[in-house]
Protein chains: 2
Amino acid sequence: MPYSDKDMFHLAVDCVIFGFDGEHLNLLLYKRDFEPEKGSWSLMGGFLQKKETLDDAAYRVLARITGMRDIYMEQLSAFSEVDRDPAARVVSMAYYSLINIQDYREDLLKKHGAQWFSINEIPSLVFDHSEIVDKALRRLKRRAKYQPIGFELLPETFTITQLRLLYEAIYQEKLEPANFRRKIISMNLLDRLPIKDMSNSKKGAYLYAFNKERYEEYEASGYSFEL
Amino acid sequence: MPYSDKDMFHLAVDCVIFGFDGEHLNLLLYKRDFEPEKGSWSLMGGFLQKKETLDDAAYRVLARITGMRDIYMEQLSAFSEVDRDPAARVVSMAYYSLINIQDYREDLLKKHGAQWFSINEIPSLVFDHSEIVDKALRRLKRRAKYQPIGFELLPETFTITQLRLLYEAIYQEKLEPANFRRKIISMNLLDRLPIKDMSNSKKGAYLYAFNKERYEEYEASGYSFEL
DNA sequence: ACAAAAGTGTTAGACTTACACCCATGA
DNA sequence: TCATGGGTGTAAGTCTAACACTTTTGT
């Protein structure tokens with residue numbers, strides 16, 4: 001048996017799940033339902049199983065809690081401090097994902113004791129989960145600037161104002177509406193639909209959809225998204 | 001015993017080690033000295049041990065092969081395909097590191113059958129190591145643009161021309177000497193020493209040193225490095 | 001003197017920022 | 001008609017790209 005002299009480890013995945021409610025960036029947490037630290041707020045997690053990849057495991061956890069598939073998800077970082085889980089040595093791969101908050105299945109959240117928290121009001125978390133969230137937030141801020149991932153947090157169609165509010169929530173700073181609008185439109189990645197959203201103004205605001213195919217073409221020919 | 005019903009895994013680290021020889025970006029590889037795939041070119045790696053973190057393990061591997069400490073190193077990504085190592089299930093955490101090629105200990109490299117390869121002439125590698133290298137290269141290109149990590153690949157002091165050649169090797173494209181010089185100097189992160197390097201020109205070129213403290217101050221007050 | 005690398009100057013055009021202004025419409 | 005969010009215009013200032021030019025010194 002090869003490597004039989006080598007140590008073996010429990011491997012877990014922990015998911016930092018972001019959602020945007022139109023105003024604040026939110027984080028999905030749940031009350032841990034097993035020991036140790038049962039009852040404390042925690043990221044969603046689960047153990048890696050023999051016949052799956054880490055990505056598989058992360059999607060499995062996400063689907064269990066939210067009922068959603070086809071979610072934007074990305075590896076964040078491994079956390080491997082020897083005593084991070086006081087009960088046993090567990091190495092955790094952290095993932096972060098961006099979901100359209102309207103798609104989540106309320107019943108599943110309830111069932112798992114899950115709850116959305118504004119990123120400005122995050123409670124204290126078990127183990128090193130606060131550190132994980134911190135890292136995820138920093139990563140999200142950077143990524144949002146240089147890759148078109150913001151759209152993952154919005155519905156299929158959205159107004160430029162909604163998009164700006166999202167970026168303001170991510171960056172935690174105000175953006176000039178006029179300049180933001182021109183910049184994002186000049187990238188030519190949004191398709192304007194012949195429909196207006198009348199819910200926020202009398203004039204109505206055109207709805208747009210992100211054109212992923214076009215982005216991928218541009219990207220392949222050396223273009224790089226920014227801001 | 002908590003979690004006793006959960007699967008356990010072998011955990012490895014694999015290190016993508018970059019060096020710059022003044023002209024090309026290089027990668028340190030070694031001939032694998034144990035089965036499976038003994039004799040094939042491979043990244044440096046090792047198994048995680050019970051009482052160390054993944055970072056510890058990566059530094060341990062690096063020190064064993066190069067004799068160096070205090071090296072720039074960063075987690076890249078976990079690779080966890082079920083059959084990535086045909087001999088057994090091994091989940092690998094990939095790291096990449098940047099070293100000053102002049103510091104490496106030739107004797108240790110020889111002893112381990114290690115060798116530098118230009119990134120344009122990388123041989124085929126065992127398992128998924130080519131994929132790991134590919135990812136590391138893409139990460140390095142991005143990082144170099146937005147963080148001052150290039151300096152890790154140069155000696156303590158260097159000329160602006162050396163720095164430019166490094167960036168040209170990373171980006172794989174030519175840069176305007178005049179504009180590059182002005183841009184990097186305008187960042188105010190380099191200290192000019194009262195010494196000239198006479199080895200490449202009759203006029204001589206001033207040597208500079210990266211001022212890390214100043215960078216960290218700037219960074220703390222919101223500045224962000226670019227290009 | 002001249003070749004060659006180091007380093008400075010200059011200018012056109014692109015992009016950013018800030019803010020003034022016009023538009024459409026429900027109440 | 002007027003208040004409100006949606007959307008366009010514009011001009012000053014900054015940044016970039018390209019390339020011409022000057023500096024220094026070993027041979």
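All chains are named by letter (A, B, ...) in the order of the sequence lines, taking the proteins before the strands, and each is independently numbered beginning at 1.
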Student: To the nearest angstrom, how far is Arg192(B) atom CZ from dA6(C) atom P?
Tutor: 14 Å
Student: Please state how far atom CZ in Arg181(A) lies from atom C1' in dC21(C), giving the value in whole angstrom units.
Tutor: 15 Å
Student: Would you find a donor on one side and an acceptor on the other, under 3.5 Å apart, between the side chain of Asp56(A) and the backbone of Thr53(A)?
Tutor: yes
Student: Between atom NZ in Lys196(A) and atom C1' in dT25(C), what is the gap in whole Å?
Tutor: 9 Å
Student: With a sphere of 6.0 Å drawn around CD of Glu156(B), does it hold more than 12 non-hydrogen atoms of other residues, nucleotides or ligands?
Tutor: no
Student: First and last nucleotide of DNA chain D touching chain B, 5' to 3', heavy-atom cut-off 4.0 Å?
Tutor: dT16(D) to dG26(D)
Student: Testing Leu175(A), Ile160(A), Leu163(A) one by one against Arg181(A) for a side chain to side chain contact (heavy atoms under 4.5 Å, CB included), which residue passes?
Tutor: Ile160(A)
Student: How many whole angstroms separate atom CD1 of Ile184(B) from atom P of dG7(C)?
Tutor: 14 Å
Student: Check ring pair (Phe, Tyr, Trp, His ring centres under 6.0 Å) between Phe210(A) and all other residues, then give those that pass, not counting sequence neighbours.
Tutor: Phe151(A)
Student: Mark yes when over 12 heavy atoms from residues, nucleotides or ligands other than Glu168(B) sit less than 6.0 Å from its CD; otherwise mark no.
Tutor: yes
Student: What parts of residues 161-179 of chain B reach DNA chain C, counting only heavy atoms under 4.0 Å away?
Tutor: Thr161(B), Ala178(B)
Student: So does Lys203(B) reach the base of dA6(C) with its side chain, donor to acceptor, closer than 3.5 Å?
Tutor: yes
Student: Tell me: CZ of Arg182(B) to P of dT11(C), nearest whole Å?
Tutor: 13 Å
Student: Would you find more than 12 non-hydrogen atoms of other residues, nucleotides or ligands less than 6.0 Å from Asp70(A) atom CG?
Tutor: no
Student: Just how far, in rounded Å, is P of dA6(C) from OH of Tyr208(B)?
Tutor: 12 Å
Student: For atom CG of Asp33(B), decide whether the heavy atoms of other residues, nucleotides or ligands shown that lie under 6.0 angstrom number more than 12.
Tutor: yes
Student: Whether the Tyr206(B) and Asp197(B) side chains hold a donor-acceptor pair (N or O, under 3.5 Å, no angle test) is what I'd like checked.
Tutor: no
